[in-house]
Amino acid sequence: MGAYARASGVCARGCLDSAGPWTMSRALRPPLPPLCFFLLLLAAAGARAGGYETCPTVQPNMLNVHLLPHTHDDVGWLKTVDQYFYGIKNDIQHAGVQYILDSVISALLADPTRRFIYVEIAFFSRWWHQQTNATQEVVRDLVRQGRLEFANGGWVMNDEAATHYGAIVDQMTLGLRFLEDTFGNDGRPRVAWHIDPFGHSREQASLFAQMGFDGFFFGRLDYQDKWVRMQKLEMEQVWRASTSLKPPTADLFTGVLPNGYNPPRNLCWDVLCVDQPLVEDPRSPEYNAKELVDYFLNVATAQGRYYRTNHTVMTMGSDFQYENANMWFKNLDKLIRLVNAQQAKGSSVHVLYSTPACYLWELNKANLTWSVKHDDFFPYADGPHQFWTGYFSSRPALKRYERLSYNFLQVCNQLEALVGLAANVGPYGSGDSAPLNEAMAVLQHHDAVSGTSRQHVANDYARQLAAGWGPCELNISICPLSQTAARFQVIVYNPLGRKVNWMVRLPVSEGVFVVKDPNGRTVPSDVVIFPSSDSQAHPPELLFSASLPALGFSTYSVAQVPRWKPQARAPQPIPRRSWSPALTIENEHIRATFDPDTGLLMEIMNMNQQLLLPVRQTFFWYNASIGDNESDQASGAYIFRPNQQKPLPVSRWAQIHLVKTPLVQEVHQNFSAWCSQVVRLYPGQRHLELEWSVGPIPVGDTWGKEVISRFDTPLETKGRFYTDSNGREILERRRDYRPTWKLNQTEPVAGNYYPVNTRIYITDGNMQLTVLTDRSQGGSSLRDGSLELMVHRRLLKDDGRGVSEPLMENGSGAWVRGRHLVLLDTAQAAAAGHRLLAEQEVLAPQVVLAPGGGAAYNLGAPPRTQFSGLRRDLPPSVHLLTLASWGPEMVLLRLEHQFAVGEDSGRNLSAPVTLNLRDLFSTFTITRLQETTLVANQLREAASRLKWTTNTGPTPHQTPYQLDPANITLEPMEIRTFLASVQWKEVDG
């Protein structure tokens, strides 16, 4: 995200000056004057020739001030990715990344002491491919010398709230592989660098540790948290980011940067800034050298008081700075020379060009004992009424498109890996997953999937995804084929490592259809008509259950029966009568009961466990604040701020229609012209499916609205609820509470919202109600027994954080459809349900339609009607996280234990699992196996990280490393990554 400018000493995002703490905010500024973007994100990185030996010399008995020249280049925000790279539409924001990199390289060559860090590989890789061989060699030398250092090294600096861990790993792998291929070990970052994301997740820290990073620095944290940390000298500590992985596997040294990612006040020397350059000629009437040097010494000394070592950092740069790098470096050269000259007069401050990795190296050498953090940094607030919890739900259509694209990318990756080169060239043309891989990486940026960009930029993110789907297409026909063809084939691919039964739903014309399985046997099917007069918007749907092998596909044939009288099942309207008996839908596992008077869900029963829970579910909306007497803060793309604690009901009752067939039971609820829902049960299904439709949200009354789905139960939850962290481990949340400081709660609704990536649940210790999501949303439990998720928001006022446009979504994002999956189980058994269901929701089967007889890939063999890429199913506790091509004869393989410690569910699911990989796959043989770090840029046996001493005592010694492909053991929550040399077998059909 971008920073807003400051002028004449007014700090945009917030600064720390000699007086003490400051607050950060996206923009408490006038609307983006062109000269204003003085803020730049620190782009630091720790990768050099052999490690830290190229770091500059420090002074052991002085306060060493590490100046970190950097630029923070958003991969889309106010402008699109291409507009930022080329410097187009500078009337919106002056920014041109290609010129920044040109200028920085020239400036670094002018003086061997200068250093610079860069972060966003999406931009750097594009710039790199446009350079001459001579320029590339010059840059390689700068990297080898440690003068140009990469920090973080992902394709983007990803968001941490709305991102799924699989997509985070993919985008980091893409960026770090570019650095490895281009610079070798010299380019490998040692430091994770998330200076702008709006809150920080525990899973992100765990992933960074498993990627091999030595440390992590960030810029934004809650203003109350920061004040407490400064007083306690806990701005730097060790983050223990997993309760399942044994320390130090997920331990990560973590530091809060003193000035966000901006320079200290009055020390910004960029074309985007208005601070005075350093004038050292005493004859000039503009002479200010002594004043600035004294000021710098005071700022450095004050800043150093909040940190434990004799080292401190200053982030010298901000958003899209260094387009004229000479301005920055010329003034920094003078500052360094003049400040260090004061040492002859007794000063104990030493200032130097440095990098985040070199700063981290000095902290490590200090050999101190550090405190340990176990929770996360959500939610983030930069003031009493400024909670950045709105973006958890902003732009829900884009969030869903991103999640669907992750699913589709994994399917494409798997097919390329299973088939080898033959996957890219078939009878329908060539295919390639790389464009979608890059588009998905871009979407992880902290202003992309977060929903915090301008509208035209959000449109461009969607365009990039669509362009990525194209080359990856599996010869997919669009749904109209099922509505127009009398005969067609349905190929359903299952990307999971275990068998799945999946209910296929296809739009069709009215009639009777015969569906046959891969063996030619007729399977039960039904046609359901929606309760709508608009048959084009809601055509009839054909339903049948598909049985899908692990990592494979089944082909079903569909034929319309000619001249048969239509027998589709139409929903029956249910009149609202107070004497009507309760309405139920049920299968062998679940019964859901609805109030006949209101049409609302009122009870769920788990019939296997004989658990009965009153559950009232309906939709409400918060009236978005536009500012009030307490604060002028409005709700916007980032900020959630309702104008009152109690939401308003969309409706107190729903008009309902009932559908009951052998294959599905549904209650269609209509709450208003812009809000409806289908509550659905399939045979054999252990969860209740709630498919909601919201929008376009009406704002003609001039009230912005933030719409929630709320579940109310009598469970005694004692203020506690639970949310996932990026789709992996679960964190306990407590209302009006933070684990690390005494919270002064000033926004009782927004201040209790947390990111929900895949699930949220409440429990009384005996019974557990879990709701799974199909995209990232904000959620909370604002009173005991209650659980709510924000599904959509439409706002009339900007929240003053730099976007300078309200979150209106007038286009395709105005109407949103989504699903909540509801599980009721005992607290002991619940994990088995939500873990396996979340896995299936994220990696759902992919449906492909083809005319009656599609072309075979191997024209000399009959087409297969069923296929599995595995010789045997994976155990339920093992998830195939990644199977992707890594080269002509190599695949990337990640296997994950998807249960945490203590989630046995009576089925021993938290126990270690051992696999034999030798003959696991059916289409290739593994001839050589190498284990790597999580992002596949270091061999595991050679990888090492800096060691840190914590106040919790010594960490256990790790067992000697051994790799036996026939004996791969996964501990709870462990991900193991392999590069496998393979030999593909002949694939028929």
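Starting from 1, each residue takes its place in the sequence as its number.
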Practice task
With ring-ring contact (aromatic ring centres under 6.0 Å, His included) as the test, would you mind laying out the steps for His445 and Tyr461 before giving the verdict?
Solution key: CA-CA 10 Å; His445 167 60; Tyr461 287 138; 7.0 Å; no

Exercise for the section: Evaluate side chain to side chain donor-acceptor pair (under 3.5 Å) for Ser242 paired with Glu729, printing each intermediate quantity in order. Expected result: CA-CA 8 Å; Ser242 172; Glu729 296 197 33; 2.5 Å; yes

Problem - Asp774 side-chain N/O to Arg819 backbone N/O, donor-acceptor pair under 3.5 Å - result: yes

Problem - side-chain contact (heavy atoms from CB on, under 4.5 Å) between Phe253 and Arg945, worked out - result: CA-CA 11 Å; Phe253 184 88; Arg945 297 200 297 142; over 6 Å; no

Handout entry: Geometric class of the Tyr406/His164 ring pair [parallel <30°, tilted 30-60°, perpendicular >60°]
Key = tilted

Practice task
State the CG-CG distance between Leu409 and Leu436, to the nearest 0.5 angstrom.
Solution key: 4.5 Å

Exercise for the section: Apply the test side chain to side chain donor-acceptor pair (under 3.5 Å) to residues Glu402 and Gln444: give CA-CA distance (whole Å), side-chain angles for both, the deciding distance (0.1 Å), then the verdict. Expected result: CA-CA 9 Å; Glu402 181 274 336; Gln444 306 315 305; 2.9 Å; yes

Exercise for the section: With rounding to the nearest 0.5 Å, note down the distance linking OG1 in Thr254 to NE2 in His194. Expected result: 12.0 Å

Exercise for the section: Enter the distance from Leu496:CG to His879:NE2 here, rounded to the nearest 0.5 Å. Expected result: 7.0 Å

Fill in the blank from the handout: When every non-hydrogen atom of Leu398 is compared with those of Ala448, the smallest separation belongs to CD2-O, 3.6 Å

Exercise for the section: Kindly indicate, with the supporting measurements, whether the criterion side chain to side chain donor-acceptor pair (under 3.5 Å) is fulfilled by Gln455 and Glu805. Expected result: CA-CA 8 Å; Gln455 183 64 57; Glu805 88 180 11; over 6 Å; no

Exercise for the section: Just say parallel, tilted or perpendicular for the rings of Tyr118 and Phe124, cut-offs at 30° and 60°. Expected result: tilted

Practice task
Look up atom OG in Ser453 and atom CG in Asn459, then write down how far apart they are to the nearest 0.5 Å.
Solution key: 8.5 Å

Practice task
Starting from the C-alpha separation in whole Å, work towards a yes-or-no answer on ring-ring contact (aromatic ring centres under 6.0 Å, His included) for Trp128 and Phe183.
Solution key: CA-CA 12 Å; Trp128 174 264; Phe183 302 106; 5.2 Å; yes

Handout entry: Side chain proximity check, Val119 to Asp73, heavy atoms < 4.5 angstrom
Key = no

Handout entry: Donor-acceptor under 3.5 Å (Ser725 side chain, Glu203 main chain)
Key = yes

Practice task
Would you indicate whether Glu889, at its atom CD, is surrounded by more than 12 heavy atoms from other residues, nucleotides or ligands within a distance under 6.0 Å?
Solution key: no

Exercise for the section: Determine, stepwise, if the pair Glu180 / Asn937 fulfils side chain to side chain donor-acceptor pair (under 3.5 Å). Expected result: CA-CA 7 Å; Glu180 175 71 22; Asn937 66 343; 5.3 Å; no

Practice task
State, with a plain yes or no, whether a side-chain heavy atom of Glu160 is found less than 4.5 Å away from one of Asp376.
Solution key: no

Completion exercise
Distance col, row Arg759:CZ vs Asp724:CG, nearest 0.5 angstrom, shows 5.5 Å

Exercise for the section: Answer yes or no: is there a side-chain heavy-atom contact under 4.5 Å between Met211 and Phe208? Expected result: yes

Exercise for the section: Give the C-alpha distance, both sets of side-chain angles, the deciding distance and a yes or no for ring-ring contact (aromatic ring centres under 6.0 Å, His included) between Tyr754 and Phe378. Expected result: CA-CA 7 Å; Tyr754 289 87; Phe378 284 121; 7.9 Å; no

Practice task
Kindly assign one of parallel, tilted or perpendicular to the pair Phe216 and Phe218, based on the angle between their ring planes and the thresholds 30° and 60°.
Solution key: tilted

Handout entry: Sub-4.5 Å side-chain heavy-atom contact between Phe921 and Leu893
Key = yes

Exercise for the section: Could you tell me whether the side chain of Arg454 and the main chain of Val803 form a donor-acceptor pair under 3.5 Å? Expected result: yes

Practice task
Grab the two heavy atoms, one from Ala637 and one from Gly451, that are nearest each other, plus how far apart they are.
Solution key: CB-O, 4.0 Å

Problem - Taking every non-hydrogen atom, the tightest pair across His792 and Pro396 - result: ND1-CG, 3.4 Å

Practice task
Could you pull out the closest heavy-atom pair between Gly727 and Asn757, with the gap in Å?
Solution key: N-CB, 3.7 Å

Handout entry: Asn90 side-chain N/O to Ala95 backbone N/O, donor-acceptor pair under 3.5 Å
Key = yes

Handout entry: Any donor-acceptor N/O pair, Ser201 side chain to Ala161 backbone, under 3.5 Å
Key = no

Exercise for the section: With the side chain counted from C-beta on, respond yes when Ser394 and Glu809 share a heavy-atom pair under 4.5 Å apart, and no when they do not. Expected result: no

Practice task
With side-chain contact (heavy atoms from CB on, under 4.5 Å) as the test, would you mind laying out the steps for Leu221 and His200 before giving the verdict?
Solution key: CA-CA 8 Å; Leu221 82 163; His200 303 280; 5.5 Å; no

Handout entry: Test item: side-chain donor near acceptor, Gln98 and Asp102, under 3.5 Å
Key = no

Practice task
Evaluate the side-chain proximity of Gln210 to Thr977: yes if any heavy-atom separation is below 4.5 Å, no if none is.
Solution key: no

Practice task
Any chance you could lay out the side-chain contact (heavy atoms from CB on, under 4.5 Å) test for Thr173 and Trp886, step after step, and finish with the verdict?
Solution key: CA-CA 11 Å; Thr173 301; Trp886 195 255; 3.9 Å; yes

Handout entry: Arg728 to Tyr165, cation-pi by 6.0 Å centre distance and 45° axis angle
Key = yes

Problem - Side-chain donor/acceptor of Arg140 to backbone N/O of Thr182, under 3.5 Å - result: yes

Exercise for the section: Test Tyr638 against every option in Phe198, Tyr391, Trp77 by the ring pair (Phe, Tyr, Trp, His ring centres under 6.0 Å) rule and name the one that passes. Expected result: Phe198

Problem - Atom pair CD1 (Ile88) and CD (Gln83), whose distance is rounded to the nearest 0.5 Å - result: 6.5 Å

Practice task
Flag the pair Phe217 / Ile195 as yes when at least one side-chain heavy-atom distance between them is below 4.5 Å, and no otherwise.
Solution key: no

Handout entry: Whether Arg144 side chain and Asp186 backbone form a donor-acceptor pair below 3.5 Å
Key = no

Exercise for the section: Grab the two heavy atoms, one from Tyr84 and one from Lys79, that are nearest each other, plus how far apart they are. Expected result: CE1-O, 3.3 Å

Exercise for the section: Apply side-chain contact (heavy atoms from CB on, under 4.5 Å) to Leu880 and Leu895, showing your working. Expected result: CA-CA 5 Å; Leu880 178 64; Leu895 293 163; 3.8 Å; yes

Exercise for the section: Flag the pair Val891 / Glu416 as yes when at least one side-chain heavy-atom distance between them is below 4.5 Å, and no otherwise. Expected result: no

Exercise for the section: Quickly, which of Thr163, Asp196, Asp159 forms a side-chain hydrogen bond (donor to acceptor under 3.5 Å, both in side chains) with His446? Name it, please. Expected result: Asp196

Practice task
Identify the two heavy atoms, one from Gly813 and one from Val816, that lie closest to each other, and give their separation to 0.1 Å.
Solution key: O-CG2, 3.6 Å

